[in-house]
Number of protein chains: 2
Amino acid sequence: MVISKTCGYAIRGVVFLSLDQNRTKKIGIVEIAEELQIPQHFLSKILQNLVNKGLIYSVRGPHGGFFTKEPILKTTILDIVKIVDGLSVLKKCFLGREECSSENPCPMHDEFESCREGIFDTFRNKTIGDLVQGVESGETTLSGIA
Amino acid sequence: MVISKTCGYAIRGVVFLSLDQNRTKKIGIVEIAEELQIPQHFLSKILQNLVNKGLIYSVRGPHGGFFTKEPILKTTILDIVKIVDGLSVLKKCFLGREECSSENPCPMHDEFESCREGIFDTFRNKTIGDLVQGVESGETTLSGIA
DNA sequence: ACAATAAAAGACAACAGCGTCTTTTATTAT
DNA sequence: ATAATAAAAGACGCTGTTGTCTTTTATTGT
Ligand code: FES
Ligand code: FES
């Protein structure tokens with residue numbers, strides 16, 4: 001729709017690991033995938049990527065798993081989108097032309113530009129901490145299973 | 001990004017056929033594809049689909065081609081999106097959960113819902129005639145080649 | 001040291017979106 | 001009737017996304 005499914009999985013994974021109740025411990029991929037209803041090995045690769053980028057952490061072996069550190073709460077959605085999808089997803093022409101350009105706009109450009117700005121702002125301003133808060137307060141859920 | 005590339009091609013194709021200078025005549029796929037910089041046979045199938053749905057028309061043989069009739073100008077972008085992509089594209093959960101639901105929202109739901117409403121409104125209100133007008137006035141272009 | 005554990009890594013499969021190429025069918029003009 | 005034309009239809013290939021499965025590597029506890 002806007003970001004890839006993979007990127008959505010990444011965001012949900014990071015938020016889950018950043019919940020108050022989880023941030024102190026390491027959690028195995030089996031539990032995370034089960035909780036979020038995401039294919040295990042697929043999510044595994046996604047989180048591995050985030051580990052490589054230094055956004056989250058992991059240790060192998062018994063009692064190992066994935067975990068986050070406190071600064072993660074300041075991480076913005078944009079940071080994750082950058083890593084997983086890249087920014088090009090926000091720069092394409094709405095009507096599938098080669099390039100989106102304000103100098104030579106397509107018929108939907110203006111309408112779309114404002115919408116895109118809105119999304120970009122949201123990405124830039126929303127932090128993992130914000131999303132964690134929503135889940136902690138019970139207003140939102142990560143799994144989709146009520 | 002939001003709609004498929006295919007759908008963008010469809011919209012551009014219909015708008016092109018609906019320009020004042022084109023609406024009176026039939027235009028061959030070679031010329032349309034050339035003008036819009038879209039792969040010919042691919043665009044061909046897309047337009048064929050629109051013909052089957054009764055949105056545009058075509059005749060085969062010498063001096064045949066694709067053409068539109070006047071009521072096309074009242075057609076909304078939403079009408080085309082419905083035909084090409086379907087409405088499901090506007091109903092997916094932003095974070096890749098099984099379903100988007102207001103009763104059981106994901107952490108990005110509210111932010112995204114307002115953005116989605118904006119897109120939906122645009123789709124509902126913008127007509128082919130509106131886009132034609134932009135192109136006719138020289139404010140916007142279809143090809144992307146200045 | 002050794003066995004158990006869990007992430008990391010690799011290979012591979014299914015699928016959809018996008019695109020190309022060829023053959024068929026309908027229409028027109030001669 | 002016949003030939004030329006152009007859309008319609010079909011087959012196929014490429015690529016990126018999504019997902020599954022197996023093997024390897026690092027860590028821990030005994
Ligand atoms: S030129 Fe099409 S969205 Fe900007
Ligand atoms: S539940 Fe995720 S966007 Fe609505």
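Each chain gets a letter, A, B and so on, in the order the sequences are listed, and its residues count up from 1.
- Proximity of K26(A) to the phosphate of dA7(C): no side-chain N or O atom is located under 4.0 Å from OP1 or OP2.
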Determine, step by step, whether F42(B) and T6(B) satisfy the side chain to side chain contact (heavy atoms under 4.5 Å, CB included) criterion, reporting the C-alpha distance in whole Å, the side-chain angles of both residues, the deciding distance to 0.1 Å, and the verdict. CA-CA 9 Å; F42(B) 188 38; T6(B) 300; 3.3 Å; yes

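- At the phosphate of dA8(D), OP1 or OP2 sits under 4.0 Å from a side-chain N or O atom of S58(B).
- Between the side chains of N104(A) and S101(A), no donor-acceptor pair of N or O atoms lies under 3.5 Å.
- Side-chain N/O atoms of N49(A) and K45(A) include no donor and acceptor closer than 3.5 Å.
- The residue Y9(A) sits close only to the backbone: its heavy atoms come under 4.0 Å of sugar-phosphate atoms, none of a base.
- A straight line from CG of D85(A) to P of dT17(D) spans 8 Å, rounded to a whole angstrom.
- Note on I38(A) and V51(A): same hydrophobic cluster, where clusters join Ile, Leu, Val, Met, Phe, Trp and Tyr whose side-chain heavy atoms are under 4.5 Å apart, directly or indirectly.
- In this structure, the CG atom of N52(A) is 17 Å from the P atom of dT25(D), given to the nearest Å.
- Here the C1' atom of nucleotide dG19(C) and the CD atom of E98(A) are 13 Å apart, to the nearest Å.
- Residue L43(A) is out of contact with every strand shown, counting any heavy-atom pair closer than 4.0 Å.
- Comparing dT28(C), dT20(C), dG19(D) by their closest approach to the side chain of P62(B) singles out dT28(C).
- Candidate nucleotides dT27(C), dG19(D), dA8(D) were compared by shortest atom distance to the side chain of Q48(B), and dA8(D) ranks first.
- Both Q40(B) and V59(A) lie close to DNA chain C; mapped to their nearest nucleotides by heavy-atom distance, the more 5′-ward contact belongs to V59(A).
- Straight-line distance from the CD1 atom of I29(B) to the P atom of dC21(C): 15 Å, rounded to whole Å.
- With rounding to whole Å, I32(A) atom CD1 is found 11 Å from dA7(C) atom C1'.
- Across all strands, S44(A) comes closer than 4.0 Å to no nucleic acid atom at all (heavy-atom distances).
- In E98(A), the CD atom is not crowded: 12 or fewer heavy atoms of neighbouring residues, nucleotides or ligands sit closer than 6.0 Å.
- Considering only side-chain atoms of S4(B), the nucleotide from dC18(C), dT27(C), dT28(D) that sits closest is dC18(C).
- The side chain of K45(A) sits closest to dA9(C) out of dG19(C), dT5(D), dA9(C).
- Around CD of Q21(A), the count of heavy atoms belonging to other residues, nucleotides or ligands within 6.0 Å exceeds 12.
- In this structure, the NZ atom of K5(A) is 12 Å from the P atom of dG17(C), given to the nearest Å.
- Counting only heavy atoms from C-beta on, F66(A) has its side chain closest to dA8(C) among dT18(D), dA8(C), dA8(D).
- When rounded to the nearest whole Å, the span between NZ of K92(B) and C1' of dA16(C) equals 10 Å.
- Of all nucleotides listed (dT22(D), dA7(C), dT28(D)), dT22(D) comes nearest to the side chain of H41(A).
- Counting only heavy atoms from C-beta on, F42(A) has its side chain closest to dT20(D) among dT20(D), dT27(D), dT27(C).
- Nucleotide dA26(D) holds its C1' atom 4 Å from the CZ atom of R60(A), rounded to whole Å.
- Taking the side chain of H63(A) as heavy atoms from C-beta on, and the options dG19(D), dA8(C), dT28(D), the nearest nucleotide is dT28(D).
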